[in-house]
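So the structure is just underneath, and the comments pick up after that.
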Amino acid sequence: MNPNLTYVLVVGVLFAAGVTLLLERSLTRVLMGVILLGNGANLLLLTGGKAGGPPIVGTTAEGDMSDPLPQAMVLTAIVITLGMTAFLLALAYRSWHLNGHDEVQDDVEDRRIMELADRDEGPGTADTDAGDGDGDVALVTVPADDATASPAGDAGRGR
């Protein structure tokens, strides 16, 4: 069975648009990306199924029955997409309520890593092999900035 080219193109566009929206920083756009990815997955699952009569023994010949597995998988995917949508809506609402926007903010650790990368002191530029040729990785420690260090150490991070 060959799938219809239109379905394949629509699945490709839905996945491309969904992934593009998932990479945004706004939770509303992430939500739209999850919905588009869910719809793309549903259409992809349905294109893999065989069209035919109802899969009830005695009403349709065995060769003419449709495959019920893709239909059951689509129903499961719809429920999962609905759950993810509800969760992301709750996150976006909470973010809007607390901050007045739904942008995902940088973490303090992310900012520190970006600063290290800007100064070319990141782990990508350091020689991580111990030099003995056996491929083991040396531990690279990075000193904490005064702005990000907690006076209580790691015990101050638990909230």
_Is there a path of hydrophobic side-chain contacts, each under 4.5 Å between heavy atoms, that joins L45 and V19?_
no
*What is the minimum heavy-atom distance between V11 and L44, and which atoms define it?*
CG2-N, 3.8 Å
*Would you give the length of the straight line joining atom CG of L21 to atom CE of M32, rounded to the nearest 0.5 angstrom?*
7.5 Å
*Quick one: does T76's side chain have a donor or acceptor within less than 3.5 Å of a partner on A72's backbone?*
yes
*asked:* For residues V13 and L22: do they belong to one hydrophobic cluster (side chain heavy atoms under 4.5 Å, members Ile, Leu, Val, Met, Phe, Trp, Tyr)?
replied: no
*asked:* Can you list, by chain and residue number, the hydrophobic cluster partners of L9 when the side-chain cut-off is 4.5 Å?
replied: L5
_All side-chain contact (heavy atoms from CB on, under 4.5 Å) counterparts of I78, not counting sequence neighbours_ = N42, V74
_Hphob cluster co-occupancy, M114 + V108, side-chain heavy atoms under 4.5 angstrom_ = no
*asked:* Heavy-atom count check: over 12 atoms from other residues, nucleotides or ligands less than 6.0 Å from M65 CE?
replied: yes
_Inter- and intrachain pairs under salt bridge (Lys or Arg N to Asp or Glu O under 4.0 Å), touching residues 19-41, at least two apart_ = E24-R29, R25-D106
*Is L82 reachable from I35 through a run of I, L, V, M, F, W or Y residues, each pair having side-chain heavy atoms under 4.5 Å apart?*
no
*Hey, are R112 and E109 close enough for a salt bridge, meaning a charged N less than 4.0 Å from a carboxylate O?*
yes
*Taking S95 for its side chain and H101 for its backbone only, find out whether a donor-acceptor pair lies under 3.5 Å.*
yes
*Identify the two heavy atoms, one from S66 and one from G52, that lie closest to each other, and give their separation to 0.1 Å.*
CB-N, 3.7 Å
*To the nearest 0.5 angstrom, please state how far the CZ atom of F15 sits from the OG1 atom of T20.*
12.5 Å
*Any salt bridge (Lys or Arg N to Asp or Glu O under 4.0 Å) involving residues 30-43? Give me the pairs, sequence neighbours left out, ordered by first then second residue.*
none
*Does anything in residues 79-104 pair up under salt bridge (Lys or Arg N to Asp or Glu O under 4.0 Å), and if so which pairs, sequence neighbours excluded?*
none
*Flag yes if L88 and W96 sit in one hydrophobic cluster, no otherwise; membership is Ile, Leu, Val, Met, Phe, Trp, Tyr, and two members link when side-chain heavy atoms are under 4.5 Å apart.*
no
*asked:* So which atom in A17 and which in L36 form the shortest heavy-atom distance, rounded to 0.1 Å?
replied: CB-CD1, 3.8 Å
*Any salt bridge (Lys or Arg N to Asp or Glu O under 4.0 Å) involving residues 60-71? Give me the pairs, sequence neighbours left out, ordered by first then second residue.*
none
*Taking the side chain as every heavy atom from C-beta outward, state whether L31 and L89 have any atom pair closer than 4.5 Å.*
yes
